[in-house]
Amino acid sequence: MVDHANRRGSMRIQGEGTYFRNAPHPFAMLPYGIVRYHGAPADLRDIPVGTVLHARGFLPPDPQTSVVPVLPIDSRQKNSGYSGAGIYPAENHVLLLEDESSYCLRTGKVWRLKEVELHDNAGMIVASREPKEGGDGKTSEESMTIDAAIRIWRGRERLGVEDLVAEDTWPASGKKALDGQAVQLGITWKPTPSGVFTRFHISDIWMDETAIERAARNQNETHKAFIRSRWMPAWIDSVEYGKFGRATVTATLFGGMDESLYADIKKGVSAVINGVENTLKHTGGNYGPAHMASKGTILDVFKATGDVPLGSSGIQILFETDLIIEGIRPGRVVRVCPANWPQVDLPREEFIGDGSNPDDRFPSPNIFPNYKK
């Protein structure tokens, strides 16, 4: 389940037991948490339900304000009946969430196809995930399902099972060895017959570098357009207050974005900064982020040297305004918009204020009339 506007959701976590019995496990993205899809920056709204994901999570930074359940630290080790152990980690505040292709591209791995078995354009593929530069002999083979809905990407083409059958790359029926062909996979989960519940499903195969680069570029353009309309998130490091509302603000931009977005935030440009919640929702209500933001100029931009923590861009800005707002305080989260980005009105679920209530987004049964005989 995904509640993209509040940067939270639920994941069904693979444990030691029967997968279909595993209850959804709530999670929340940290404000500086990074989402990646198809090897490119993404938002939760970009990831289809059912996608197999890799997550790096931490304990709630402040249990008193956690929007998801706070669990005992050792809950990962507890046995949950048929579901086994490992399905309720206490580390449910996520710093990095990525799909299979993003994980493999980041860690230098590929899937090597060993065998395909088809009947009526559906069947199984046997493959193993290995280092791109050569296996170390420690990998194990996995059997995953495929069907006629699979998307096969080769160069600039999108193919189907029937296309590979027609060119005799795959068999029309029966098994065929694939000799360890190196590919990237999109992996999802679908219900599987015959009592097998932890078998995964292949939604996409990228057959070559051109294909995966195109997928990453398409996703990257989607995310760039999204950030330009919602603005760059950042962390307030310090505020030096002047007279009559003037202030000089030092802020660190969050990481995981395309370099062209950071390049727009440069010394000397006009910009606006608005306070947001840890969900990255703008504050200020119906007036809109641009109306409520502090306007000013970026005086300087500094880039950190050496290792930069995951979640940070390592880019720090110095911003001067003549009207500081309440939401810009040390330790708070904000969004930054340079003058050449659009200033648009957001849908109701993406801002707070004006007496907003959680029931506005998730109405209770009380909204229905109480009919009486």
Side-chain angles (χ1 to χ4, degrees), residues 12 14 19-20 36-40 42 47-54 98-219:
R12 201 177 310 279
Q14 183 180 7
Y19 187 67
F20 86 107
R36 293 187 65 80
Y37 185 56
H38 291 176
I47 300 181
V49 171
T51 303
V52 173
L53 299 167
H54 299 259
E98 57 186 347
D99 71 330
E100 179 66 25
S101 61
S102 300
Y103 170 80
C104 287
L105 291 168
R106 180 176 61 83
T107 58
K109 292 182 171 60
V110 295
W111 281 90
R112 296 197 178 275
L113 306 183
K114 304 301 177 67
E115 182 182 83
V116 60
E117 181 176 5
L118 288 176
H119 299 283
D120 297 325
N121 287 339
M124 303 281 291
I125 281 183
V126 179
S128 61
R129 187 201 293 132
E130 302 177 4
K132 185 176 182 179
E133 301 305 323
D136 55 9
K138 298 179 181 179
T139 58
S140 58
E141 295 182 349
E142 294 193 37
S143 296
M144 291 174 277
T145 57
I146 59 172
D147 58 29
I150 189 172
R151 297 175 293 255
I152 301 168
W153 309 90
R154 185 174 62 190
R156 301 176 65 181
E157 297 180 294
R158 174 183 169 177
L159 308 173
V161 173
E162 66 280 3
D163 297 306
L164 296 189
V165 169
E167 63 184 32
D168 202 31
T169 301
W170 286 4
S173 182
K175 296 182 179 180
K176 182 176 181 179
L178 298 179
D179 302 323
Q181 180 183 2
V183 299
Q184 294 293 349
L185 298 181
I187 301 180
T188 64
W189 184 87
K190 287 187 176 182
T192 305
S194 305
V196 178
F197 300 104
T198 320
R199 178 177 291 153
F200 293 128
H201 181 82
I202 299 175
S203 60
D204 296 84
I205 301 178
W206 292 277
M207 308 287 278
D208 52 36
E209 295 290 338
T210 299
I212 191 62
E213 287 172 2
R214 285 176 62 83
R217 183 166 63 252
N218 290 340
Q219 172 55 42

- Task: Over all heavy atoms of both residues, which pair between Ser102 and Ala40 is shortest? Give the atoms and the distance, please.
- Result: OG-N, 4.3 Å
- Partner of Glu209 by salt bridge (charged side-chain N to carboxylate O under 4.0 Å, His left out), out of Arg154, Arg214, Lys132: Lys132
- Got a second to check how far Asn121's CG is from His119's NE2, nearest 0.5 Å? 12.0 Å
- Sole residue of Arg112, Glu141, Glu100 in side-chain contact (heavy atoms from CB on, under 4.5 Å) with Arg129: Glu100
- Calculate, to the nearest 0.5 Å, the distance between atoms CG and CD1 belonging to Leu164 and Ile205 respectively. 7.5 Å
- Task: Please test Asp208 against Thr210 for side chain to side chain donor-acceptor pair (under 3.5 Å), starting from the C-alpha separation and ending with a verdict.
- Result: CA-CA 6 Å; Asp208 52 36; Thr210 299; 4.5 Å; no
- Message: Could you check whether atom NZ of Lys176 has more than 12 heavy atoms from other residues, nucleotides or ligands sitting under 6.0 Å from it?
- Response: yes
- Nearest-0.5 Å distance that lies between atom CD1 in Ile202 and atom CH2 in Trp111: 8.0 Å
- Within-4.5 Å side-chain heavy-atom neighbours: Ile212 and Trp153: no
- Item | Exam field: side chain Asp163 to backbone Gly160, donor-acceptor pair closer than 3.5 Å | yes
- Query: What distance separates Ile125 CD1 from Ile150 CD1, expressed to the nearest 0.5 Å?
  - Reply: 5.5 Å
- Rounded to the nearest 0.5 angstrom, the OG-CD distance for Ser101 and Gln184 is 6.5 Å
- Item | Sidechain-backbone polar pair: His201 side chain, Thr145 backbone, donor-acceptor under 3.5 Å | yes
- Query: Quick one: does Glu98's side chain have a donor or acceptor within less than 3.5 Å of a partner on Gly39's backbone?
  - Reply: no
- Message: Walk me through whether Leu185 and Phe200 qualify under side chain to side chain contact (heavy atoms under 4.5 Å, CB included).
- Response: CA-CA 11 Å; Leu185 298 181; Phe200 293 128; over 6 Å; no
- Query: Do the rings of His38 and Trp206 sit parallel, tilted or perpendicular, given the 30° and 60° boundaries?
  - Reply: perpendicular
- Item | Derivation of the side chain to side chain contact (heavy atoms under 4.5 Å, CB included) call for Met207 and Leu159 | CA-CA 10 Å; Met207 308 287 278; Leu159 308 173; over 6 Å; no
- Message: Within this structure, what is the CD1-OG distance for the pair Ile146 and Ser203, rounded to the nearest 0.5 Å?
- Response: 12.0 Å
- Task: Work out which heavy atom in Pro171 is nearest to a heavy atom in Val165; give both atom names and the distance.
- Result: O-CG2, 3.6 Å
- Item | Any side-chain heavy-atom pair of Arg36 and Arg106 under 4.5 Å | no
